[in-house]
Amino acid sequence: MIQTETESTSSRIDNSYDLLFRKQQAQMLVTGNSSAKTRIEKLNSLLKAVRETYRKQIQEALYKDFGKPHTETDLTEIYPIVKEIKHTRKHLHRWMRKQKVETPLTLMGTSSWYRYESKGVCLILSPWNFPLNLTFGPLVSAIAAGNTVILKPSEMTPHIAGVMQQIIGDLYREEEVAMVQGDADTAKALLDLPFNHIFFTGSPGIGKKVMAAAAKNLSSVTLELGGKSPVIVDESANLKVAAKRIAWGKFINAGQICVSPDYLLIHHSVKADFLKLIENEVHKFFTSNPKSSGSYSRIVNQRHYERLMEHLEDAEKKNGVTRFGGKSDAAENYISPTVIEDLPEDASLMQEEIFGPVLPVKTYKELEEVIAYINSKERPLALYIYSKRKKNINKILGETRAGSSCIYSNVLQYANQNLPFGGVNNSGIGKSNGIYGFREFSNQRAVLKQYNRGIIQLLFPPYTSWKQKLATITLKWF
């Protein structure tokens, strides 16, 4: 007797999410064969929910979770989802069409194409730093590709998780899209299930565990990870422009951004001027007392606050010089925007991804030093360049490797749906955004159709001396 996929799965899996998984598995072909119109209707309902129906609840929940200002919520949590949906629905009909490819002469009598088909049942494990954006953003791609989906948000932001649970429950049937909540044990139980695809956003360390769990079921994965993303300012840069944009990219969301500049490499001749300018920009953004500013977020919880304070204590022990900032308040999980220089290489701030409002500064004299230093570390999720010299820009881009880069900007590469977003090796596997996210959640299925005997049948067995001559001609000319 032939076992069906569902029967085989149910015999191997026994955990509390098995029933939900099997419901989605039973539904996946129906959802996978849905039209572009049906998928767009699902996306439109999500668009209305986040932009209108639940907008106030989203703002309030994220403020409760870590003091995120309402305007920042609109711009960094809601708007990216709105933009992703608008972009996707504009292009989805074209993405779903079969894509014809050329036929080589040796395959005369055939035609070939590929089609994007849904992968099946997908799991999205999302982080806490942009909990709405990084949960619903991948969901847009998964729905567009015709998958059934189980979402598991971070337990560290419970208020927004509750709002997202309500949104998903209101909009979708659980056999198509469902959300479950819980801690690491919940994630582990979900990862035991044989999902067709897993999309994870988080740290490289947890990403390795996700990949190991996926390997047991040969599930494909998208891993959006992190790492230490450098920002380079050379002696030709417009320092005022660089200071403003780096201050924004580093200290928005209190530095809790996977693509924020993690450390600064600056030419020694312009360091003093730059540090004065970036301090001025921070004061313009958040006043001289960011704690009282309505534009500055808090650290997500006590554990991450203490982790960052340990970094600062280590920096002090190792004679790092705090140029500005360094103020904190445990009662509010508050750490002010901070810039530190003269750190030794064994300082924890130079070894670990910071994920907070602390910017270490390292000087250099020759560009080769910068390239050697970056290449001595794991490949970063992002690398940023502030330079007016095309030669320097091209040298950095050509002699380093990173998931993405900006020239005279930072963070904004994520905002362009026409660009692939993702890391490389330690900073990630796979891409998201626009068609790249659609492809991550799709299988490119190749199809060849034969219409007549064609040339290839002349080479079928039995092999003769004449067919050997044809084979020799084929090797030489085709």
Side-chain angles (χ1 to χ4, degrees), residues 69 71-72 75-76 228-255 257 259-290 292-297 320-327 335-343 349 354 356-367 369-371 373-374 380 382-397 400 402 404-416:
T71 302
E72 196 163 295
L75 295 175
T76 65
K228 296 189 73 62
S229 297
V231 55
I232 303 159
V233 177
D234 77 6
E235 65 273 30
S236 72
N238 183 320
L239 297 183
K240 188 172 183 180
V241 170
K244 180 184 287 290
R245 294 175 185 174
I246 292 170
W248 173 77
K250 178 60 185 180
F251 299 119
I252 190 174
N253 203 42
I257 310 177
V259 288
S260 73
D262 197 84
Y263 62 97
L264 170 66
L265 294 164
I266 188 164
H267 194 270
H268 71 101
S269 66
V270 296
K271 181 187 75 168
D273 290 340
F274 176 85
L275 292 180
K276 291 176 184 176
L277 288 168
I278 194 171
E279 183 174 8
N280 289 339
E281 294 300 333
V282 168
H283 290 171
K284 289 177 185 177
F285 290 164
F286 310 117
T287 78
S288 59
N289 181 22
S292 64
S293 170
S295 300
Y296 189 66
S297 298
V321 177
T322 300
R323 288 300 300 253
F324 66 85
K327 298 178 180 178
I335 297 176
S336 65
T338 302
V339 169
I340 300 179
E341 59 178 327
D342 296 337
L343 285 169
L349 285 169
I354 298 168
V358 183
L359 180 65
V361 177
K362 187 177 179 70
T363 58
Y364 72 92
K365 292 184 179 179
E366 302 296 334
L367 197 57
E369 298 173 48
V370 170
I371 291 169
Y373 184 78
I374 292 170
L383 183 153
Y384 304 119
I385 306 167
Y386 288 84
S387 174
K388 292 180 182 177
R389 293 178 180 169
K390 189 174 181 180
K391 181 180 178 181
N392 285 1
I393 293 168
N394 289 338
K395 184 176 179 66
I396 294 167
L397 290 175
T400 62
S404 62
S405 282
C406 289
I407 301 164
Y408 260 100
S409 189
N410 37 238
V411 179
L412 290 183
Q413 73 274 30
Y414 176 79
N416 187 346

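Just the heavy atoms: all of them, side chains too, but no hydrogens, waters or symmetry mates, feed the values below. Keep in mind it's a predicted model, so treat the numbers as computed, not measured.
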Q: Test L265 against V231 for side-chain contact (heavy atoms from CB on, under 4.5 Å), laying out the working first.
A: CA-CA 6 Å; L265 294 164; V231 55; over 6 Å; no

Q: Measure from the ring center of Y364 to the ring center of H267 and say whether it is less than 6.0 Å.
A: yes

Q: For residues V339 and T322, determine if any side-chain heavy atom of one lies less than 4.5 Å from a side-chain heavy atom of the other.
A: no

Q: Specify the closest pair of heavy atoms between K271 and V361, including all atoms of both residues, with the distance to one decimal.
A: CD-CG1, 4.2 Å

**Q.** Shortest non-hydrogen contact between P357 and K250, atoms and distance
**A.** C-CE, 4.4 Å

Q. Which heavy-atom pair separates D262 from P360 by the least distance, and what is that distance?
A. O-CD, 3.2 Å

**Q.** Contacts of V411 that satisfy side-chain contact (heavy atoms from CB on, under 4.5 Å) - sequence neighbours left out
**A.** W248, V259, Y384

Q. Taking only residues two or more places apart in sequence or in another chain, which ones pass side chain to side chain donor-acceptor pair (under 3.5 Å) with Y414?
A. N133

**Q.** Full working for side-chain hydrogen bond (donor to acceptor under 3.5 Å, both in side chains) between N238 and Y386
**A.** CA-CA 8 Å; N238 183 320; Y386 288 84; over 6 Å; no

(Q) The test is side-chain contact (heavy atoms from CB on, under 4.5 Å); show your working for L397 and S405 and say whether it passes. (A) CA-CA 8 Å; L397 290 175; S405 282; 4.0 Å; yes

Q.
Using the side chain to side chain donor-acceptor pair (under 3.5 Å) criterion, which residues pair with E72? Sequence neighbours excluded.
A. S297

Q: With rounding to the nearest 0.5 Å, note down the distance linking CD1 in I385 to CD1 in I396.
A: 4.5 Å

Q: Just jot down the side chain to side chain donor-acceptor pair (under 3.5 Å) partners of K362, sequence neighbours excluded, or say none.
A: none

**Q.** Side-chain donor or acceptor of K228 paired with backbone N/O of I374 under 3.5 Å
**A.** no

Q.
Between N253 and G255 (side chain of the first, backbone of the second, donor and acceptor by atom type, cut-off under 3.5 Å), is there such a pair?
A. no

Q) Tell me, do P380 and P230 make a side-chain contact under 4.5 Å, heavy atoms counted? A) yes

**Q.** Contact summary for Y296 and P69, nearest pair of heavy atoms
**A.** N-CG, 4.0 Å

Q | Side chain proximity check, L359 to I246, heavy atoms < 4.5 angstrom | A | yes

Q: Can you measure from OG1 (T338) to CZ (F324) and round to the nearest 0.5 angstrom?
A: 7.5 Å

Q: Apply side chain to side chain donor-acceptor pair (under 3.5 Å) to S387 and list each qualifying residue two or more places apart in sequence or on a separate chain.
A: D234, S236

Q.
Testing the basics here: between V241 and Y408, what is the closest heavy-atom pair and its distance to 0.1 Å?
A. CG1-CD2, 3.9 Å

Q: Find out whether I232 and N392 are in side-chain contact, i.e. whether some heavy atom of one side chain is under 4.5 Å from a heavy atom of the other.
A: no

(Q) Would K395 and R389 count as a side-chain contact (heavy atoms from CB on, under 4.5 Å) here? Give the steps. (A) CA-CA 10 Å; K395 184 176 179 66; R389 293 178 180 169; over 6 Å; no

Q. Which atom names give the shortest non-hydrogen contact between Q413 and A382, and what distance separates them?
A. NE2-CB, 3.6 Å

**Q.** Heavy-atom side-chain proximity of T400 to V370 below 4.5 angstrom
**A.** no

Q.
Within the 4.5 Å heavy-atom criterion, are L343 and I340 side-chain neighbours or not?
A. yes

Q) Checking side-chain contact (heavy atoms from CB on, under 4.5 Å) for the pair Y373/Y263: CA distance, chi angles, key distance, verdict? A) CA-CA 12 Å; Y373 184 78; Y263 62 97; 3.6 Å; yes

For a quick test of your reading: what N or O donor-acceptor pairs under 3.5 Å do the side chains of residues 278-289 make, sequence neighbours left out?
unit_1 : atom_1 : unit_2 : atom_2 : d
N280   : ND2    : K276   : O      : 3.3
E281   : OE1    : K244   : NZ     : 3.1
T287   : OG1    : N289   : N      : 3.1
T287   : OG1    : N289   : O      : 3.2
N289   : ND2    : S292   : OG     : 3.4

